[in-house]
Structure formats: structure tokens, C-alpha cells
Amino acid sequence: MTCVICKRGIPQSGTTTVTVERPGTLVVFRQVPAQICPDCGERYLDAEVMEAVYAAAEAAAATGAEIDVRTFHPV
Ligand SMILES: [Zn+2]
């Protein structure tokens with residue numbers, strides 16, 4: 001798959017940091033699996049990974065923490 005942004009790079013498997021903002025809460029996930037373009041840095045996340053990230057973000061927001069940094073664990 002060629003990167004849809006720069007149309008040059010071939011995204012490679014790796015991990016990235018994803019930040020999700022919810023009212024009153026900022027949730028940062030580290031080590032999220034993604035395909036990353038070596039050329040422009042665009043990140044491609046699987047739908048199920050995004051779902052898991054958002055579900056975990058909702059859970060983190062529910063704790064009332066203003067900033068929550070966590071390592072992502074695939075479900
Ligand atoms: Zn690219």
C-alpha cells in the first residue's frame with residue numbers, strides 16, 4: 001500500500017503515540033500499533049485498534065483524570 005498522503009512512502013509496521021481528547025480529559029496512548037509512512041510520517045491505524053483506543057479513552061475520561069497517559073494493550 002502506498003501512502004495516500006505523499007503517494008511516495010510505503011507505510012511500515014511500527015508503534016505510535018495517539019492522543020484522544022474528551023471534555024476535561026486528555027488521554028495519551030503509547031505503543032499503539034500502526035502502519036507508519038517513512039516519508040511523511042502519516043499513520044494508519046486498524047479500525048479495531050481505533051475502536052479499542054476510543055473505548056479505553058472513554059474509560060479513562062470516566063475516572064475524572066485530567067491527563068491520563070497509558071501504554072496501549074491490544075484487547
Ligand atoms: Zn506518506
Side-chain angles (χ1 to χ4, degrees):
M1 176 184 84
T2 305
C3 176
V4 299
I5 303 299
C6 66
K7 298 182 170 56
R8 288 193 310 259
I10 308 291
Q12 308 287 321
S13 290
T15 59
T16 188
T17 299
V18 176
T19 303
V20 180
E21 208 165 351
R22 285 289 174 268
T25 305
L26 189 67
V27 190
V28 180
F29 295 95
R30 305 174 66 203
Q31 304 289 316
V32 179
Q35 302 286 316
I36 302 160
C37 176
D39 237 55
C40 70
E42 179 66 13
R43 307 172 304 177
Y44 299 89
L45 274 70
D46 287 348
E48 61 251 43
V49 169
M50 285 308 295
E51 255 176 53
V53 163
Y54 282 117
E58 295 298 337
T63 67
E66 287 185 26
I67 298 177
D68 192 315
V69 182
R70 47 179 68 191
T71 299
F72 180 76
H73 298 289
V75 284

Taking only distance into account, with no hydrogens and no angle test, what donor-acceptor pairs under 3.5 Å do side-chain atoms of residues 23-40 form with protein atoms, sequence neighbours excluded?
residue : atom : partner : partner atom : Å
T25     : OG1  : A65     : O            : 3.0
Q35     : NE2  : S13     : OG           : 2.9
D39     : OD2  : R8      : NE           : 2.7
D39     : OD2  : R8      : NH2          : 2.9

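- For residues 60-72, every residue pair satisfying the salt bridge (charged side-chain N to carboxylate O under 4.0 Å, His left out) rule, not counting sequence neighbours, is listed here: D68-R70.
- Cluster note: I10 groups with no other residue, as no ILVMFWY side-chain heavy atom lies under 4.5 Å from it.
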side-chain contact (heavy atoms from CB on, under 4.5 Å) assessment of I5 paired with Y44
CA-CA 11 Å; I5 303 299; Y44 299 89; 4.1 Å; yes

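- Take E58 and apply the side chain to side chain donor-acceptor pair (under 3.5 Å) test, not counting sequence neighbours, and it matches R22.
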Could you walk me through whether F72 and T15 pass side-chain contact (heavy atoms from CB on, under 4.5 Å), step by step?
CA-CA 10 Å; F72 180 76; T15 59; over 6 Å; no

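- By the 4.5 Å heavy-atom criterion applied to side chains, M1 and P11 are counted as neighbours.
- Taking hydrophobic clusters as Ile, Leu, Val, Met, Phe, Trp and Tyr residues chained together by side-chain heavy-atom distances below 4.5 Å, V20 does not share a cluster with V69.
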